[in-house]
Number of protein chains: 2
Amino acid sequence: MVDVASRAGVSKSLVSLALRGDPGVGAATRERIVQVAEEIGYRPHVLARALRERRTRRVGVILASLDNPYHTEVAAAVEDAAEKAQLSVLLAHGKRTSGQMEERINALLDLNLDGIVVVSSWAPPEMLQAAARRAPVVMIGRSTEAVDGIDSVNNDDEAGAALAVDHLAAAGHSKILHVNSSPRPAGLARRQGYEAAMRAHGLEAHIRVTSRGPDGALEPDLAAALAEGYDAVFARNDVEAADVLDYAWDHDIAVPDELAVVGYDDSMLARRTRPRLTSVHQPRADMGARAVELLLERIDGRSEDYHEVHAPRLVVRESAP
Amino acid sequence: MVDVASRAGVSKSLVSLALRGDPGVGAATRERIVQVAEEIGYRPHVLARALRERRTRRVGVILASLDNPYHTEVAAAVEDAAEKAQLSVLLAHGKRTSGQMEERINALLDLNLDGIVVVSSWAPPEMLQAAARRAPVVMIGRSTEAVDGIDSVNNDDEAGAALAVDHLAAAGHSKILHVNSSPRPAGLARRQGYEAAMRAHGLEAHIRVTSRGPDGALEPDLAAALAEGYDAVFARNDVEAADVLDYAWDHDIAVPDELAVVGYDDSMLARRTRPRLTSVHQPRADMGARAVELLLERIDGRSEDYHEVHAPRLVVRESAP
DNA sequence: CTGTTAGCGCATTCAT
DNA sequence: ATGAATGCGCTAACAG
């Protein structure tokens, strides 16, 4: 910076002001300074600036999984929104274990980011609170309960599950199985939504906790359920719905004729499977945008907690017309 | 730090030494210092340390796409390898345009990372060279040509294409279409590999540049090719192979009986499609590990360029048995 | 608009 | 083992 200053024949302070767009700098001098800076390839030292300013103008997004298309789609939505707010986004990947997750969150916070958004239900409340003591945190997705000090935005899982059940019931299905291998909050909420909706229709709820074999394939415990006459499945998310479709394919079960399938998330997978998957859509673009807005408000000093719930909607495709 | 020092009844310098594991600190005092640091929740200020030490012990991974499972799988492989080397990894997402890409690369470099690995063929050579002037760069994937000053690790695309063609030819196919919508280096290399292999088998090469409609679906220009009697397709990557499978499904073309399909990358998609996709596997775990090793060597001062080429192998599944 | 001063949190050196 | 001093590159406050 001293170099730029001397070459432009001004003071170091003026260079600082000019480069940051301070209005109190004459247009001509600013022009010259910017010119010189470019010439000698000067770039402000972000770390030094952050050390002094006590903020980085950067936010982190931490996601549990790079494999689940829904997660990466949400991350992309957050990025888009952040970009519009002149915030640079750093991604980190938590790898599905709580220890990893904590390490990653701290690694991000160590960079003194202005805030982080967590896209995962693998982060326990205590971990989130610890993080929130270091920087504003907003969570996209559902946590066990409202966590003090952090904002959240998620979709109404109970309503989403009801959309799925209503759709299947309206199509004449009465033996509707719920497939759900997740003990975490979003999974539980969808399960409860399913149970409530089934009750509302006077139908008997039946839940199957699937698990994956060593090769990552769905264990064939669906066979028993199908033998019991189930002709429709509402799965906890698109990944599990795709597992069900795969199982059906491998066992010559016709979808949707013998078995209708509904997923959750409306991720890329829903468009990729054949037959295409009917799925509950979470408004991820809106949710990402709101997450960024909430983060900005927090950075700006808001201290009450906001918990936003967005309405899902059903996207009907071939797997459950 | 001053706080820790006074509480532990030692000097600030000693705290610094103790926390960084300097051998010249007595075991008992170190113990006490670490203890106190933990008690009051002290964490070293990474930015200040980096400012002083001129390195961050962090590397960046920049990837063009979060949607292409192969890319995220490579990123995960790099992360795993980096973790073993005690390096913390930051991800950034380039969003498929060259401008975005450059912005992201610079955003990462502005953090004074010790190095970056680029997982993308969207970064033009000049951009990579500019980046390499700021920090060590290694590229995973193929660039137009060997770029001065950066290391690269990729698979042998020509050999991979030949594996696919050989397999199809051995299964009795002679009308093998190549589907390839990518004008970028890896795409070109696979195309050339296809052409060479077809020539070697005395077969006529035929290439179709697919494009996507507004809804992201593959445009139906496959129809013509199939009418011409093609009974096998080798696609440039799994995404395009999945497009072909989708097309086949939507047009009642039986795979593999009427049309055999081979993809490239052996990503998650290959296991997800039905029928499961035969695909050329890139050894991404090895490639990621090597990328990290090369980066460490660069950080350590190596200045010659390394360009590594790994051997692909074919994974046979149902779409082309 | 200038130029000086102070300090962000740390690592490092050196004399003690 | 100490503790004072220096500087990493920058911003901010202030008197000119």
Side-chain angles (χ1 to χ4, degrees), chain A residues 1-38 40-58 86 88 106-114 133-135 299, chain B residues 1-38 40-58 88 106-107 109-114 134-135:
Chain A
M1 212 165 110
V2 183
D3 226 49
V4 176
S6 72
R7 289 222 196 194
V10 299
S11 70
K12 186 180 143 210
S13 315
L14 234 212
V15 175
S16 175
L17 293 172
L19 259 28
R20 277 175 301 137
D22 187 291
V25 181
T29 6
R30 148 163 307 125
E31 182 69 23
R32 190 155 39 91
I33 291 174
V34 170
Q35 175 89 18
V36 172
E38 210 142 278
I40 69 176
Y42 167 79
R43 304 209 101 211
H45 194 294
V46 170
L47 264 41
R49 176 179 283 175
L51 183 60
R52 177 63 229 238
E53 279 194 311
R54 311 180 140 279
R55 68 167 167 188
T56 51
R57 294 169 198 285
R58 278 160 174 74
Q86 311 266 28
S88 185
N106 280 323
L108 279 186
L109 291 172
D110 280 345
L111 293 172
N112 291 49
L113 299 183
D114 294 349
R133 277 192 290 273
R134 304 231 272 147
I299 293 171
Chain B
M1 215 164 107
V2 183
D3 228 50
V4 176
S6 72
R7 291 221 196 193
V10 299
S11 70
K12 187 182 142 207
S13 315
L14 231 213
V15 175
S16 175
L17 293 172
L19 259 29
R20 277 174 303 133
D22 187 290
V25 180
T29 9
R30 149 164 307 125
E31 183 67 24
R32 188 156 39 92
I33 292 174
V34 170
Q35 175 89 17
V36 172
E38 210 143 279
I40 70 175
Y42 168 79
R43 305 209 100 208
H45 194 293
V46 170
L47 264 41
R49 176 179 283 176
L51 184 61
R52 177 66 228 245
E53 280 195 312
R54 310 181 143 276
R55 68 166 168 186
T56 51
R57 295 171 197 283
R58 279 163 173 74
S88 183
N106 280 323
L109 290 172
D110 279 346
L111 292 173
N112 290 49
L113 301 184
D114 293 348
R134 304 230 271 148

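Worth saying up front: this structure is predicted, and the values here are computed from it rather than measured. Just so it is clear: chains get the letters A, B, ... in the order the sequence lines come, proteins before strands, and each one is counted from 1. Just the heavy atoms: all of them, side chains too, but no hydrogens, waters or symmetry mates, feed the values below.
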Side-chain polar contacts of residues 11-20 of chain B - donor-acceptor pairs under 3.5 angstrom, sequence neighbours left out - could you list them?
from: S11(B); atom 1: OG; to: L14(B); atom 2: N; distance (Å): 3.2
from: S16(B); atom 1: OG; to: R20(B); atom 2: NE; distance (Å): 3.3
from: S16(B); atom 1: OG; to: R20(B); atom 2: NH2; distance (Å): 2.7
from: R20(B); atom 1: NE; to: S16(B); atom 2: O; distance (Å): 3.2

Exercise. Classify every nucleotide of nucleotides 4-12 of chain C by which part a protein heavy atom approaches to under 4.0 Å, writing B for the base, S for the sugar-phosphate alone and - for neither, in 5'-to-3' order.
Key: B-BBBBBBB

Quiz prompt | salt bridge (Lys or Arg N to Asp or Glu O under 4.0 Å) against R57(B), all qualifying residues, sequence neighbours excluded | solution = E53(B)

What donor-acceptor contacts under 3.5 angstrom involve side-chain atoms of residues 43-52 of chain B, with partners at least two apart or in another chain?
from: R43(B); atom 1: NH1; to: D110(A); atom 2: OD1; distance (Å): 2.7
from: R43(B); atom 1: NH1; to: D110(A); atom 2: OD2; distance (Å): 3.0
from: H45(B); atom 1: ND1; to: L47(B); atom 2: N; distance (Å): 3.3
from: H45(B); atom 1: ND1; to: A48(B); atom 2: N; distance (Å): 3.0
from: H45(B); atom 1: NE2; to: N112(A); atom 2: ND2; distance (Å): 3.3

Quiz item: If we only count heavy atoms from C-beta on, is the I40(A) to R7(A) side-chain gap below 4.5 Å?
Solution: yes

Quiz item: Between which nucleotides of DNA chain D, read 5' to 3', does contact with chain B run, using atoms under 4.0 Å from its heavy atoms?
Solution: dA1(D) to dG9(D)

Ignoring hydrogens and angles, write down the donor-acceptor pairs under 3.5 Å from the side chains of residues 26-37 of chain B, residues two or more places apart or on other chains.
from: T29(B); atom 1: OG1; to: G26(B); atom 2: O; distance (Å): 3.1
from: R30(B); atom 1: NH2; to: D22(B); atom 2: O; distance (Å): 2.5
from: R32(B); atom 1: NH1; to: A8(B); atom 2: O; distance (Å): 2.3

Restricting both atoms to N or O, compile the protein contacts to nucleotides 14-16 of chain C shorter than 3.5 Å, with distance only.
none

Quiz prompt | Residues that D3(A) engages under side chain to side chain donor-acceptor pair (under 3.5 Å), provided they are two or more places apart | solution = none

